[in-house]
There are 2 protein chains.
Amino acid sequence: MRKGELTHQAILETAVRLASRVGLQGLSIGGLAEELGLSKSGLFAHFKSKTELQVQVLEAATALFTERVVRPALGRPRGEPRVQALFDGWLTWDRDKILEGGCIFVAAAAELDDAPGPARDTLVQSQRDWLDCLAQAARIAVVEGHFRKALDVEQFAHDQYAVMLGFHHAKRLMRDPQAEARARRAFDALVTAARTPTS
Amino acid sequence: MRKGELTHQAILETAVRLASRVGLQGLSIGGLAEELGLSKSGLFAHFKSKTELQVQVLEAATALFTERVVRPALGRPRGEPRVQALFDGWLTWDRDKILEGGCIFVAAAAELDDAPGPARDTLVQSQRDWLDCLAQAARIAVVEGHFRKALDVEQFAHDQYAVMLGFHHAKRLMRDPQAEARARRAFDALVTAARTPTS
DNA sequence: GCGGAAAAAGCACGACCGTTCTATGAATGG
DNA sequence: CCATTCATAGAACGGTCGTGCTTTTTCCGC
């Protein structure tokens with residue numbers, strides 16, 4: 001039962017990369033099989049349906065994201081440094097070579113926002129966890145005294161995510177060379193505002 | 001040459017609504033024809049290719065957006081009221097019944113960000129115009145003395161767009177009932193920061 | 001190394017895709 | 001009112017899609 005698990009993992013790795021370019025809907029079983037040098041039916045046997053493939057792709061991407069972005073940030077000091085690390089980590093994540101087509105979650109969000117089903121549920125849960133993670137980091141920064149006591153940490157997480165979306169839009173669609181600088185400036189303003197008491 | 005133009009327009013109207021739900025790729029000629037009670041080939045004759053259909057859908061959506069959002073805002077007083085009107089107009093636009101599936105530009109941005117071609121070019125131009133419009137409104141607010149003199153108006157437009165993207169994400173994907181309140185709070189913070197000199 | 005189990009391939013299916021060609025109906029200008 | 005153009009319908013094409021079914025190949029414990 002080992003060989004199977006191995007290719008299963010290899011399939012998901014390639015699928016995540018491919019899906020970042022063509023989206024979850026555009027990810028075809030035939031195309032994925034060809035990219036891997038497998039037969040269509042051989043690959044299909046690993047997943048009972050395309051929906052299941054999409055779900056597992058999202059789960060694999062979430063696991064990768066946690067390992068690449070969240071875990072490193074948890075190694076940073078509590079408070080503002082960790083908040084900053086989460087933001088920097090996301091910027092790095094979006095630049096990662098494994099995501100040639102930009103953040104897979106952003107792409108999936110647009111595709112699935114009106115498509116009820118397991119794939120959407122998986123994505124929403126993943127995003128909720130990520131937003132909770134951001135809010136929790138901000139909450140710790142409040143406890144540590146870096147951010148003001150009355151800060152709405154959920155609002156802060158929401159705003160931080162918006163900055164990330166703005167960055168993605170500016171970089172991937174508009175090809176704005178200043179995208180990263182703009183995102184950093186926007187986030188700095190957010191952090192500055194969070195520091196000052198009685199905003 | 002009148003009957004043709006009429007149905008042509010009717011097709012685009014339905015196509016915009018449909019595309020907001022299923023995306024530009026998901027918009028199939030057969031499905032669109034069925035929705036309109038036309039034959040597939042009869043509809044196809046209006047556009048020489050699917051790409052051309054996508055381009056015209058984007059152009060129709062842009063025209064609708066200009067009429068529904070930009071033009072009303074231009075009727076508002078120069079300066080901050082107009083800036084606010086553009087933001088409010090966008091929130092209304094996103095809530096419009098014609099866009100059952102959320103803002104078509106947001107959906108298209110994710111689909112086309114790595115798909116070179118006429119459709120992408122059309123979308124990018126549309127978005128560039130919109131960002132220029134936002135920046136120009138902010139510029140006028142500077143001239144009117146509502147915003148500080150040193151304000152980076154392109155950055156302001158970028159940040160404003162990011163707030164809109166954050167709103168779209170929170171509302172359409174996360175189904176957050178507080179989405180609009182969060183967006184308004186974020187935009188208010190942006191405006192407040194733009195007002196205060198030497199941020 | 002052999003036998004059973006797991007993995008992959010091969011093949012075929014029905015459905016839908018964009019597109020083309022041809023024919024027929026309706027609308028329009030003189 | 002007629003002739004011509006234009007709008008639409010119909011049928012068919014090659015292709016790809018997701019998904020089953022059957023067979024062959026590969027792996028792994030004994």
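Residue numbering restarts at 1 for every chain, and letters A, B, ... go by the order of the sequence lines.
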Calculate the interatomic distance between [X] atom [atom1] and [N] atom [atom2]; express it in whole Å.
| X | N | atom1 | atom2 | result |
| --- | --- | --- | --- | --- |
| Glu34(B) | dG10(D) | CD | P | 13 Å |
| Glu52(A) | dG18(D) | CD | P | 15 Å |
| Arg2(A) | dC28(D) | CZ | P | 5 Å |
| Phe47(A) | dG20(D) | CZ | C1' | 17 Å |
| Lys50(B) | dG15(D) | NZ | P | 19 Å |
| Leu38(A) | dG10(C) | CG | P | 11 Å |
| Phe44(A) | dA12(C) | CZ | P | 19 Å |
| His46(A) | dG18(D) | NE2 | P | 16 Å |

Taking for each residue the nucleotide of DNA chain D with the nearest heavy atom, is it Ser28(A) or Lys48(A) whose nucleotide lies nearer the 5' end?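 That would be Ser28(A).
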Please state whether the base of dG10(C) and the side chain of Lys40(A) form at least one donor-acceptor pair under 3.5 Å?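 In this structure, the two groups form no donor-acceptor pair.
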Measure centre to centre between the rings of Phe167(A) and Phe187(A), then say whether the value is under 6.0 Å. no
Under 4.0 Å: is that the gap between some side-chain N or O of Thr7(A) and OP1 or OP2 of dA8(C)?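 For dA8(C), OP1 or OP2 has a side-chain N or O of Thr7(A) closer than 4.0 Å.
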Do the side-chain N or O atoms of Ser39(B) get closer than 4.0 angstrom to the phosphate oxygens (OP1, OP2) of dT8(D)?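 The answer is no; no side-chain N or O of Ser39(B) sits under 4.0 Å from OP1 or OP2.
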Starting the side chain at C-beta, find the nucleotide from dA9(C), dG10(D), dG18(C) nearest to Ser41(B).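 Of the candidates, dG10(D) comes closest.
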Is the shortest side-chain heavy-atom distance between Gln54(B) and Leu27(B) below 4.5 Å? no
Are the side chains of Val153(A) and Gln136(A) in contact, using a 4.5 Å heavy-atom criterion?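 Counting from C-beta outward, Gln136(A) and Val153(A) never come under 4.5 Å.
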If hydrophobic clusters are built by linking Ile, Leu, Val, Met, Phe, Trp and Tyr wherever their side-chain heavy atoms come under 4.5 Å apart, do Leu64(A) and Leu74(A) end up in the same one? yes
Give one of base, sugar-phosphate or nothing for Leu27(B), where a contact means two heavy atoms less than 4.0 Å apart. sugar-phosphate
Counting the atoms with a prime plus P, OP1 and OP2 as sugar-phosphate, which does Ala45(A) contact under 4.0 Å by heavy atoms, base, sugar-phosphate, or nothing?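 No contact at all - Ala45(A) keeps every heavy atom at 4.0 Å or more from the nucleic acid.
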Gln155(B) (side chain) donor-acceptor with Arg182(A) (main chain) under 3.5 angstrom: yes
